[in-house]
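For reference, the structure is listed below as structure tokens.
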Amino acid sequence: MLRCDIITIFPDFFREVFEYGIIRRARAAGLVQLESHDLRRWSTDKHHSVDDRPFGGGEGMVLKPEPIFAAVKELTGAATRRDFAPSTRVVLLSPQGRVFSQQLAQEFAQQASHLVLICGRYEGIDERVADALVTDEISIGDYVLSGGEPAAVVVVDALIRLLPGAVGNESSTANESFAAGLLDCPQYTRPPEFLGLKVPEVLLHGNHAEIARWRREAALKKTERYRPDLLK
Ligand code: 9D3
């Protein structure tokens, strides 16, 4: 059983998103326990503040260290990174992180028993969180989100489907496009002609060798067009 705790100022953001498809089934089957936690629960001042003005001046607010350290301590039992169990990963979702990948999803799925995801907001997070608490600082790509919450959903989704038993056919996760280094080939279903658009003739007959050749070619063409970086 993988335990996955999300620390956020918008816990309701996650209410429905984990209630569909593979994630819902994985939860119901007891493969993963998912919970989102309101960071304000660990704020100690009377205004329940979780942020403050940046030292040195500048725009916006910075998430304070104390509530985040307190949250991670309660959830993991350890005050800093030094004392985490090796199977505990504390992930900070931030634009400054290394870019998430299928390889990292696989590493988490294989090695982690407890994942704590910290969602950033505002202009940033006090860097002592990254220095002393976080085991992995992760971005999901080079575009600007308003916070770490959508990124946490992406990481959790990619990871859960890799847990043994989460996806019906075990070999289908190993076979996936990124694992193979190519994009998927185009797929078609009935009807063979729709709005004058035809399904490639070769797929309509049962020549499996020819179909396999066509699919490899088509996957290569798609990859060359959209993701030439994968071919290098
Ligand atoms: C690097 C941009 N920052 C310059 C002042 C501002 C900023 C932009 C967006 C600070 C925080 C955010 C919120 N984004 C995330 O928390 C985030 C994110 C993202 O924006 N893109 C890709 N992956 C991620 S993971 C978390």
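Hydrogens, waters and symmetry mates play no part in the numbers below; they use all other heavy atoms, side chains included. Every number for a ligand or one of its atoms is a count from 1 in the order of the listing. Positions are given from 1 along the sequence.
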Which one of Gly141, Gly147, Pro95, Pro150 has a non-hydrogen atom at the shortest distance from atom 22 (C) of ligand 1?
->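 Checking each option, the heavy atom nearest atom 22 (C) of ligand 1 is found in Gly141.
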Under 4.0 Å, heavy atoms only, figure out whether ligand 1 is touched by the backbone of Asp142, its side chain, both or neither.
->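 The answer is neither.
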Part of Ser94 within contact of ligand 1 (heavy atoms, under 4.0 Å) =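 Looking at Ser94 and ligand 1, just backbone atoms fall under 4.0 Å.
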Heavy atom of Gln96 under 4.0 Å from ligand 1?
->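 True for this residue.
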Considering only heavy atoms of [X], which atoms of ligand 1 have at least one such atom less than 4.0 Å away?
{"X": "Gly148", "result": "15 (C), 16 (O), 26 (C)"}
{"X": "Ile138", "result": "25 (S)"}
{"X": "Ala151", "result": "25 (S)"}

Within 6.0 Å of CD in Glu193, more than 12 heavy atoms from elsewhere = yes
If you measure from OG1 on Thr8 to CG on Leu39, what distance do you get to the nearest 0.5 Å?
->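 Here the rounded value is 8.0 Å.
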Just how far is it from atom CG of Leu93 to atom CD1 of Ile6, taken to the nearest 0.5 Å?
-> 8.5 Å
Considering distance alone, does some N or O of Val144 sit under 3.5 Å from an N or O of ligand 1?
->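 No: no nitrogen or oxygen of Val144 is under 3.5 Å from one in ligand 1.
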Just distances here: any N/O of Leu145 and N/O of ligand 1 closer than 3.5 Å?
-> yes
Indicate, with yes or no, if Leu104 and Val32 share a hydrophobic cluster defined by side-chain heavy-atom contacts under 4.5 Å among Ile, Leu, Val, Met, Phe, Trp and Tyr.
-> yes
Flag side-chain contact, heavy atom, 4.5 Å: Phe14 against Cys119 =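 A side-chain contact under 4.5 Å exists here.
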Is it true that Glu107 and Arg89 make a salt bridge, defined as a side-chain N closer than 4.0 Å to a carboxylate O?
-> yes
Over all atoms of both residues, closest heavy-atom pair of Met1 and Gln33 = SD-N, 3.3 Å
